[in-house]
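Shown next, in structure tokens, is the structure this report addresses.
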Number of protein chains: 2
Amino acid sequence: MEPVKIGLLGLGTVGCGTATVLERNASEIGRRAGRGIQIAAASARDIERPRACDTSGMRLTTEPTEVVDDPEVQVVVELMGGEGLAREMVLRAIEAGKHVVTANKAMIAKHGNEIFAAAQARGVMVAFEAAVAGGIPIIKAIREGLAGNRIEWLAGIINGTGNFILTEMRDKGRDFADVLGEAQRLGYAEADPTFDVEGIDAAHKLTILAAISFGIPLRFDDVHCEGIGHIAREDVAYADELGYRIKNIGFARQNEDGVELRVHPTLIPEKRLIANVDGVMNAVLVRGDAVGPTLYYGPGAGAEPTASAVVADLVDVVRALTSDPENRVPHLAFQPDAIVERPILPIDAVETAYYLRLQAVDRPGVLAEITRILGEEGISIEAMMQKEPPGSAPDSATVIMLTQRVVERSMNRAIERIEALDTVAGNVTRIRMETLG
Amino acid sequence: MEPVKIGLLGLGTVGCGTATVLERNASEIGRRAGRGIQIAAASARDIERPRACDTSGMRLTTEPTEVVDDPEVQVVVELMGGEGLAREMVLRAIEAGKHVVTANKAMIAKHGNEIFAAAQARGVMVAFEAAVAGGIPIIKAIREGLAGNRIEWLAGIINGTGNFILTEMRDKGRDFADVLGEAQRLGYAEADPTFDVEGIDAAHKLTILAAISFGIPLRFDDVHCEGIGHIAREDVAYADELGYRIKNIGFARQNEDGVELRVHPTLIPEKRLIANVDGVMNAVLVRGDAVGPTLYYGPGAGAEPTASAVVADLVDVVRALTSDPENRVPHLAFQPDAIVERPILPIDAVETAYYLRLQAVDRPGVLAEITRILGEEGISIEAMMQKEPPGSAPDSATVIMLTQRVVERSMNRAIERIEALDTVAGNVTRIRMETLG
């Protein structure tokens with residue numbers, strides 16, 4: 001059978017990785033897909049630049065529309081990134097009745113509802129395994145592998161840069177800024193690290209995971225998103241002492257009241273497997289009502305890991321090329337008419353446990369005042385320890401507490417009252433905590 | 001649309017779990033599959049017995065053929081276990097043009113080649129996600145999610161009973177026989193624990209994983225299989241001291257010479273995530289050439305975890321019910337005409353590192369003799385420690401060594417020579433070691 005002809009938008013890291021994998025593993029891929037996959041055309045901003053991959057068999061152009069419109073191209077692989085032009089090209093491909101494979105998490109998270117509606121109307125596939133957690137087949141696992149479950153919650157380490165920084169802070173007792181600088185030198189972090197360290201990249205991915213887990217539309221704007229920049233190395237050390245790791249977690253949960261969507265630094269028990277996912281690696285822990293906890297781990301970025309997901313999608317698409325749309329897996333796991341809006345809980349209605357750190361005057365009665373306020377707000381204390389950090393005032397002590405689960409607005413009130421005490425200096429540091437059990 | 005009617009062979013733990021999950025999650029499953037899934041008929045040895053699930057909507061019979069032949073039944077779900085009758089019923093269903101979902105690892109490992117050939121000829125699907133690692137969607141992950149890769153190797157903790165025993169031995173310093181007895185009382189281990197502790201159950205699963213990873217036929221008889229019964233608690237403790245865990249690993253690797261298929265206790269570095277998979281949990285670590293290492297973790301057995309996999313297969317089958325067979329994923333991941341025989345390496349041609357423990361006379365020159373023999377057989381020592389276990393003869397010492405990788409036949413020769421030394425008492429204990437890096 002003739003190979004399927006595909007068109008590549010973008011010949012950067014992932015684009016070249018995809019070309020390399022398709023070529024190196026052509027035989028294995030053909031043995032699985034039943035036919036070959038050939039890159040007929042590719043677009044790049046600068047087609048003269050030397051590339052890390054062999055482009056000799058491709059028609060190269062600087063015009064992405066030429067790839068999309070190429071009559072020979074049956075599947076468009078969008079690896080250019082960004083939201084504006086990428087969205088345009090994907091919609092153009094769909095309009096032309098071409099299938100799409102993309103690694104573009106920002107585009108899917110923000111424009112996915114529009115894109116999937118267009119694809120549905122036109123009867124084409126849009127596959128996006130590479131958009132979340134690189135080479136880990138997490139989209140497929142949730143969408144198909146756990147299809148018998150009501151997904152209760154999921155928790156993901158889905159930003160490698162953030163995880164690298166937190167791992168280094170813990171392993172080497174270093175400060176956030178110090179590690180970030182190194183990550184930038186190593187090329188793990190961008191010159192502008194906002195997307196990674198502010199949790200925006202993780203929020204894109206969480207948006208997608210939540211949609212396919214719960215059968216809700218993509219709701220990126222409703223993700224509560226906090227960065228890791230305020231995590232101090234002493235918090236990492238104290239958490240450690242208490243048997244916890246601080247990880248930047250994307251967390252989604254559904255219950256009767258609605259859906260929680262949040263990205264923030266989180267204390268998790270060190271005995272959990274996911275607490276031991278270190279460096280730039282990614283992992284997603286998914287809890288289904290039938291299966292219980294399952295975890296998926298692997299490289300969340302990089303040329304070939306991401307290409308692995310792109311090619312897996314290509315094999316799926318190639319196999320289903322002549323299939324009836326109704327025999328295909330729905331884009332967002334649930335049938336389009338079965339995707340239902342659910343309320344997204346505001347962060348102050350969310351219930352979690354907390355790690356608290358504060359600086360208090362070291363004299364009798366001070367702790368009693370603090371615990372009285374917590375008690376009045378319905379907050380139980382799970383563990384407490386007192387430290388006298390070197391260099392602090394002689395009559396001052398650092399108090400660290402772990403609380404039981406409480407609604408965030410109660411915690412906000414308690415913290416406001418504690419910060420107003422004469423005997424407490426500065427702000428209360430608060431980090432959310434999940435047992436993930 | 002009318003619900004799809006299925007027939008259940010077997011109403012034991014997994015059969016009832018499947019009925020329960022299908023009923024409880026009917027709405028979510030329907031939202032994904034696009035139509036309902038209804039158990040029309042079920043067979044069990046004793047249909048009068050009270051069940052853990054609601055069977056009121058099913059036609060019950062003691063005759064599995066009646067379920068298979070039931071004209072209303074479109075998909076046969078084989079959950080009766082065993083090889084003889086199960087195989088007959090599955091072949092009968094295929095012959096009748098019905099699709100099959102099964103959780104039967106022994107049947108697939110031993111009769112899968114025959115079953116898939118029949119299914120291929122008849123154009124029906126036979127899905128078996130539940131046959132390996134319970135609720136973990138590992139079949140789907142390898143078969144589809146990693147389709148862009150050449151799979152280099154995989155290592156699995158795929159027998160929960162064995163992992164429970166080794167975990168208890170380590171955590172509580174207990175002996176094998178002692179823990180096995182408890183596991184039997186707790187219902188984790190069968191009255192006849194042979195399948196679990198001899199590695200046969202793991203070998204069934206490894207057979208399946210290797211076939212879909214490498215594109216080879218199912219070759220159960222060629223799996224080298226060792227049990228965990230000879231692991232002493234001191235080996236678990238010494239391994240720990242050296243930074244390793246002993247796990248019962250199913251390991252498959254392909255290289256230029258052929259394929260390795262082996263199940264045996266294995267030392268793995270404690271820093272690997274898979275080394276920290278404890279109790280009855282399962283995990284499979286898969287290394288693809290593009291993606292690198294990926295790990296899949298979850299419950300490997302139990303009513304609802306296994307049902308989760310059965311129902312996921314059902315959703316896949318239901319969705320593809322009216323599809324053309326050529327648009328479907330091949331049973332064993334590779335197109336039937338692309339499955340190729342490869343030589344399976346005999347165990348003495350396999351290369352691994354080793355943990356060795358021996359009892360030697362504690363006097364100058366003895367170690368030199370042992371290391372000279374190892375050197376002559378081309379075996380390098382990675383680490384060594386000497387212990388004087390309480391109760392041993394005063395002039396006797398326990399020597400523990402970790403070696404670098406060597407072909408097993410060289411190690412066999414070295415051990416034979418070491419055991420022949422006057423200064424060495426008894427046998428050399430040897431446990432294979434893999435870095436899984």
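Residue numbering restarts at 1 for every chain, and letters A, B, ... go by the order of the sequence lines. Heavy atoms only: backbone and side chains are in, while hydrogens, waters and symmetry mates are out.
- With sequence neighbours excluded, the residues that form a side-chain contact (heavy atoms from CB on, under 4.5 Å) with Glu326(A) are Asp324(A), Thr322(B).
- Both the backbone and the side chain of Asn276(B) come within contact range of chain A, with heavy atoms under 4.5 Å apart.
- At a 4.5 Å heavy-atom cutoff, Leu22(A) makes no contact with chain B through either its backbone or its side chain.
- Residues satisfying the side-chain contact (heavy atoms from CB on, under 4.5 Å) test with Ala33(B), not counting sequence neighbours, are Val315(B), Val318(B).
- At a threshold of 4.5 Å between non-hydrogen side-chain atoms, the residues Glu28(B) and Asn149(A) do not count as touching.
- Proximity to chain A is absent for every atom of Val310(B), based on heavy atoms less than 4.5 angstrom apart.
- Neither the backbone nor the side chain of Leu332(B) comes within contact range of chain A; no heavy atoms are under 4.5 Å apart.
- Of the possible polar contacts, none joining the Arg32(B) side chain to the Ala333(A) backbone as a donor-acceptor pair under 3.5 Å is found.
- For residues 283-295 of chain A, a heavy-atom distance under 4.5 Å to chain B picks out Asp289(A), Ala290(A), Val291(A), Pro293(A), Thr294(A), Leu295(A), given by residue number.
- Between Pro330(B) and Arg319(A) the shortest side-chain heavy-atom distance falls below 4.5 Å.
- The line from OG of Ser323(A) to CZ of Arg328(B) is 11.0 Å long, rounded to the nearest 0.5 Å.
- One distance of note links OH of Tyr297(B) with OH of Tyr297(A); it measures 15.0 Å at 0.5 Å rounding.
- Of residues 123-140 of chain B, those residues with a non-hydrogen atom less than 4.5 Å from any non-hydrogen atom of chain A are, in numerical order, Gly135(B), Pro137(B), Lys140(B).
- Note that the CD atom of Glu144(B) and the CG atom of Asp316(A) stand 5.5 Å from one another [nearest 0.5 Å].
- Ranked by heavy-atom pairs under 4.5 Å with chain A, the list Ala303(B), Gly148(B), Gly298(B), Gly215(B) is led by Gly148(B).
- Under the 3.5 Å distance criterion, the side-chain polar atoms of Arg31(B) are left unmatched by any main-chain donor or acceptor of Phe334(A).
- When each of Gly17(B), Ser308(B), Ala141(B) is checked for heavy-atom pairs under 4.5 Å with chain A, Ser308(B) comes out on top.
- For chain A, the option among Ile29(B), Val329(B), Leu146(B) with the highest count of heavy-atom pairs below 4.5 Å is Val329(B).
- Using a 4.5 Å heavy-atom threshold, the side chains of Leu273(B) and Met281(A) count as separate.
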